[in-house]
There are 2 protein chains.
Amino acid sequence: MSVRHTAVTTAPVLPAGDEELVCDIREVVQRIGDRWSVLVIVELAQGVRRFRQLQRAVPGISQRMLTLTLRRLERDALVDRTVYPTVPAQVEYELTDTGHSLTFVLKMLADWGAEHRDTVMESRARWDAKRPDADVHHDGG
Amino acid sequence: MSVRHTAVTTAPVLPAGDEELVCDIREVVQRIGDRWSVLVIVELAQGVRRFRQLQRAVPGISQRMLTLTLRRLERDALVDRTVYPTVPAQVEYELTDTGHSLTFVLKMLADWGAEHRDTVMESRARWDAKRPDADVHHDGG
DNA sequence: CCGAATCCGACAGGATACTG
DNA sequence: CAGTATCCTGTCGGATTCGG
């Protein structure tokens, strides 16, 4: 049950002075760092979904944000949108190959999160207990 | 130059109905999805850094945001903070083992970004050309 | 069913000035 | 050097309403 096998035992993963690399990370994180993109991608990773289906599968998302999120994903070639000219209209969304390739990365994130959640949570609790008045989460309240 | 070797050829990476997994992804992405955390982590991946060193290494970050970012990272046990009672004060920041383990994940993100940046950018350009008036990036302008 | 348009609140984050 | 405190703005995202 040791955790150390994930700790640093080898070379620096992120080489110094590689601005492009830093830039790439930033772009990706910023892209999927919004409130809903990841949740929509994960749901679409299961297969083709229609609009209402997605809205039900992602609790709390508004119509507006679902639309916006899907448009952005479509714009970035992560999601394909197919309109069937039925009445009423019917639209299907599915991940592109690029979008699917992202799910591998998301899996890595999930694994890291699962492995270190306890450590993070405990540290967080200790920090909050020691500094009850400091509010670092957002602006200085 | 085919890109298909990264496409989906195997099983679904993200199993259906795994709420915990989804939750883990969200937490991680939300945590490092802010404007500065990744940049600070990448810089600290090079080694121990002092406050001013970090500020110079991360162009554009304000004192306020550097402080906030470092506090949050410290709170989550991703960064260690060491104060030397010299005059003037001197403080050193370094990644914890947990923090270092995150750099592996960031490397994955960087690799994905590097590999798919062209695809995304081209799609984005095409989308914008086709819908010049639609502004999906933020609120409806 | 699938959206677009409008209004509005909350918060992240920048600029600046001040402290130890 | 290493922060803190205050003010202010831009942007994200929710609620609601209307259209195809």
Side-chain angles (χ1 to χ4, degrees), chain A residues 26 29-40 43-44 48-75 79-94 131 133-141, chain B residues 26 29-40 43-44 48-75 79-94 127 131-141:
Chain A
R26 267 283 306 262
V29 173
Q30 296 279 61
R31 178 60 190 80
I32 65 174
D34 67 335
R35 193 168 178 71
W36 302 111
S37 289
V38 168
L39 301 183
V40 171
E43 180 61 25
L44 286 176
V48 178
R49 292 290 186 274
R50 303 217 316 282
F51 189 88
R52 296 288 286 181
Q53 250 182 314
L54 278 171
Q55 193 170 15
R56 279 189 295 267
V58 182
I61 195 170
S62 63
Q63 282 195 356
R64 176 181 135 82
M65 288 317 296
L66 180 54
T67 301
L68 270 173
T69 302
L70 287 168
R71 286 298 169 281
R72 291 170 186 156
L73 294 173
E74 189 193 354
R75 188 173 96 107
V79 160
D80 257 350
R81 178 173 178 267
T82 310
V83 182
Y84 297 95
T86 61
V87 176
Q90 186 167 327
V91 183
E92 282 184 359
Y93 295 93
E94 61 185 323
R131 303 182 154 205
D133 48 344
D135 187 8
V136 112
H137 312 135
H138 59 290
D139 215 320
Chain B
R26 267 283 306 262
V29 173
Q30 297 279 63
R31 177 60 189 80
I32 65 174
D34 67 334
R35 192 165 178 71
W36 302 111
S37 290
V38 168
L39 300 184
V40 171
E43 180 60 25
L44 286 177
V48 178
R49 291 290 186 274
R50 303 215 315 280
F51 188 88
R52 295 289 286 182
Q53 249 181 315
L54 278 171
Q55 192 170 14
R56 279 189 295 266
V58 182
I61 194 171
S62 63
Q63 284 197 352
R64 179 180 131 82
M65 287 318 295
L66 181 54
T67 300
L68 270 172
T69 302
L70 287 168
R71 287 297 171 282
R72 290 172 186 154
L73 293 173
E74 189 193 355
R75 189 173 95 107
V79 160
D80 257 350
R81 179 174 180 266
T82 310
V83 182
Y84 296 95
T86 60
V87 176
Q90 186 168 326
V91 183
E92 282 184 359
Y93 295 93
E94 61 184 323
W127 206 93
R131 301 182 155 204
D133 48 345
D135 188 9
V136 111
H137 312 138
H138 60 287
D139 215 318

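Per chain, numbering begins at 1; letters A, B, ... match sequence-line order. These figures come from a predicted structure and were not determined experimentally.
What separates CG of A:Leu70 from C1' of C:dC1 is a distance of 14 Å, to the nearest Å. If you measure from atom CG of B:Leu66 to atom C1' of C:dG13, you get 13 Å, rounded to the nearest angstrom. Counting to the nearest Å, the C1' atom of D:dA2 and the CD atom of B:Glu92 are 13 Å from each other. If you measure from atom CG of A:Asp135 to atom P of D:dA5, you get 12 Å, rounded to the nearest angstrom. Look at CE on A:Met65: it is 15 Å from P on D:dT11, rounded to the nearest Å. Following rounding to the nearest Å, B:Ile61 (CD1) and C:dT16 (C1') show an atom-to-atom distance of 17 Å. If you measure from atom OH of A:Tyr84 to atom P of C:dG3, you get 13 Å, rounded to the nearest angstrom. Following rounding to the nearest Å, B:Asp34 (CG) and D:dC12 (C1') show an atom-to-atom distance of 14 Å.
For the pair B:Arg35 and C:dG13, the criterion of a side-chain N or O lying under 4.0 Å from OP1 or OP2 is not met. Phosphate proximity of C:dG3 to A:Arg50: absent, as no side-chain N or O sits under 4.0 Å from OP1 or OP2. Phosphate proximity of C:dG3 to A:Arg71: present, with a side-chain N or O under 4.0 Å from OP1 or OP2.
Evaluation of the salt bridge (charged side-chain N to carboxylate O under 4.0 Å, His left out) rule for A:Arg26 yields no partner, not counting sequence neighbours. Remark: B:Glu92 engages B:Tyr84 in a side-chain hydrogen bond (donor to acceptor under 3.5 Å, both in side chains) (not counting sequence neighbours). Residues satisfying the salt bridge (charged side-chain N to carboxylate O under 4.0 Å, His left out) criterion with B:Arg49, sequence neighbours excluded, are B:Glu43. Under the salt bridge (charged side-chain N to carboxylate O under 4.0 Å, His left out) criterion, B:Arg75 pairs with A:Asp128, sequence neighbours left out. For A:Val29, the side-chain contact (heavy atoms from CB on, under 4.5 Å) criterion is met by A:Ile25, B:Ile32, B:Val38, B:Leu109, not counting sequence neighbours. For B:Arg71, the salt bridge (charged side-chain N to carboxylate O under 4.0 Å, His left out) criterion is met by no residue, not counting sequence neighbours.
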For nucleotides 17-20 of chain C, print each protein N/O atom paired with a nucleotide N/O atom at under 3.5 Å, atom names and distance only.
none

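Note on B:Tyr93: only backbone sugar-phosphate atoms sit closer than 4.0 angstrom, heavy atoms only; bases stay farther off.
If you check distances only, the side chain of A:Arg64 never reaches the base of C:dG3 with a donor-acceptor pair under 3.5 Å.
The two residues B:Tyr93 and B:Val79 make their nearest non-hydrogen contact at CD2-CG1, 3.9 Å. Among all heavy-atom pairs drawn from A:Glu94 and A:Val48, the shortest one is OE1-CG2, 3.7 Å.
When each of D:dG14, C:dG14, D:dT4 is scored by its nearest atom to the side-chain atoms of B:Ser62, the top-ranked nucleotide is C:dG14. The side chain of B:Trp36 lies closest to C:dG13, out of C:dG13, D:dC1, D:dT4. Residue B:Thr67 has its side chain nearest to D:dG3 when only C:dA4, D:dG3, D:dC1 are considered.
Fit an axis to the five pairs at each end of the helix from C:dC1-D:dG20 to C:dG20-D:dC1 and the two axes sit 40° apart, to the nearest 10 degrees.
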Fill in: Worked check of side-chain contact (heavy atoms from CB on, under 4.5 Å) between A:Thr82 and A:Val91
CA-CA 6 Å; A:Thr82 310; A:Val91 183; over 6 Å; no

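Residues in residues 50-62 of chain B take part in no salt bridge (charged side-chain N to carboxylate O under 4.0 Å, His left out) pair, two or more places apart or across chains.
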